[in-house]
Amino acid sequence: APSLTTEQLDMGVDWLSKFGYLPPPDPVTGQLQTKEALTRAIKAMQKFGGLKVTGLLDQATLGLMKTPRCSLPDVSEMDVASRRRRR
Amino acid sequence: SSSQQNKWNKRHLSWRVRTFPKDSALLGRDTVRALMYYALKVWSDIAPLNFHEVAGNDADIQIDFTKADHNDGYPFDGPGGTVAHAFFPGERFTAGDTHFDDDEAWTFRSPESHGMDLFAVAVHEFGHAIGLVHTSAMESIMRPYYQGPVGDPLKYDLPYEDKVRVWQLYGVRDSVSYTNQPGGASQTPDPPVLLDLPDNRSTPLLVQDAPDRCTSRFDAVAQIRGEAFFFKGKYFWRLTREKHLVSLRPAQIHRFWKGLPPNLDSVDAVYERPGDHKIVFFKGLKYWVFKDNNVEEGYPRPITDFGLPVEAVDAAFVWQHNDKTYFFKDNQFWRYDDHLRHMDMGYPKDSILWKGLPPHLDDAMRWSDGSSYFFNGKEYWQVPGSDMEVEAGSPRLIAKDWLFCTEMQADSPDTEAKSTETRVNVHRHPDHAENGFEVCSCTS
């Protein structure tokens, strides 16, 4: 995939946080997302959206992120917590 | 899909469009209300839920068109991006509330390129409002991504995946009343209920014996889903909640209110029952209960069910002040509790207690201004709020204040009287409608 611009990466991380795929960055430490967490989040979003699961912010993924949609997250906090517990 | 976000414990849910799209050139208010009605009906057709539109501020599902940050934690972002959201039943203060981004170009029966199909998005959001979360199933209406228009609201059939998920939440509706027969065989859809023009549009010419709204006296008058219905013979006129006459031509009762006997030539009284918001029609010793515009099974029944000892009812209305139902016959009235379904003690009483009302009534109704209105002949009396005395300016002429007739039309001689008494002194009032000005009201 062509290399991502910073803007695209920022948009992608914001989008993934907004719709529940990434936990919001830690407000205290400002801890940024780890690369693994980001890859996991992208894969989850691609799977939920019916895309090929690559773990990369490729064009198809960025395209879906631009599609009009409902504001509600795809993954509720409960699911994130229960997945953490399972892990 | 992730776990369900709880569900409503009650089955009767009220809704109201509190704010409309600013750019209503694209979609009129009545169209927006009709689309909300049908989007909710998609779910109530298959689940044991009943939605009814209300006028007040206490609706379970408050629907708003708003934009940008509107202080609910889900700011909109201009055209595209996020287009709508709804709150799950478990939310404390906002349960069921549904917001549409007013920066979107909301459309109805338009190509996808013209904008966002309001019906499709509303079905999705009301899925949240009853407790469904997003799903990844490609054909589901609960996919988070906008997938374009879903066709005609009257013919829309929910994907099976979504039916199963709502049945898991609420069980199956016992008497399924599909908008469409399951399995895709599309039968002629139910006529739009209370939210679109009665289906007499297909009869371009007025049927000859149709009454004239400007010279008639009315058999029954009722507020139903916030709108006013004036019944005369086999016909009725309808006014929107803004008192706009839906059509200058009357609609035929039998073609809209399904299930009344074909030989019924008029009705005595009509009212919308508090609690379940069903609609009750009276004629002689009998009454019928309607859910929306379809009569329920097992009717007609005798009016003795209400504990009424009389042979007919002149008037019936629900007093906003105490949510009790009042029946009038000649110079007596009864008070009935529709929530407990029994007559209150100490009735009948003499209707003289309602100071200033005439001794006989054609019907009565509550209205969204908080007053109660009493109709007899060509006149009406207004009783404000919790008073039991008519307000000073009564009576006034029905034809001019409700049915947009000019003074000349309204004052012409009565074509027929419901009772033998003649009208001797018709009060002259300042003319509310400009002379010769016909009011046309466009709805969806």
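Any value given below was found using the heavy atoms of this structure, including those in side chains, with hydrogens, waters and symmetry copies removed.
- The shortest side-chain heavy-atom distance between Arg143(B) and Asp74(A) does not fall under the 4.5 Å cut-off.
- Contacts of Ala86(B) with chain A are made by backbone atoms alone, with heavy-atom separations under 4.5 Å and no side-chain atom involved.
- Rounding to the nearest 0.5 angstrom, the gap separating the NE2 atom in His134(B) from the CZ atom in Phe48(A) is 7.5 Å.
- Looking at Phe87(B), there are no atoms closer than 4.5 Å to chain A (heavy atoms on both sides), in backbone or side chain.
- Heavy atoms closer than 4.5 Å to chain A are found nowhere in Gln147(B), neither backbone nor side chain.
- For the atom pair CH2 of Trp15(A) and OG1 of Thr82(B), the computed distance is 11.5 Å after rounding to the nearest 0.5 Å.
- Open room surrounds NZ on Lys52(A); 12 or fewer heavy atoms of other groups in view lie less than 6.0 Å from it.
- With a 4.5 Å cut-off on side-chain heavy atoms, Cys70(A) and Tyr74(B) do not count as touching.
- Using a 4.5 Å cut-off between heavy atoms, Asp101(B) does not touch chain A at all.
- Not a single donor-acceptor pair under 3.5 Å links the side chain of Arg69(A) to the backbone N or O of Ala84(B).
- Using a 4.5 Å cut-off on side-chain heavy atoms (C-beta onward), Glu104(B) and Pro68(A) make no contact.
- The line from OG1 of Thr67(A) to OH of Tyr146(B) is 12.0 Å long, rounded to the nearest 0.5 Å.
- The CD atom of Glu125(B) lies 7.0 Å from the OG atom of Ser71(A); values are rounded to the nearest 0.5 Å.
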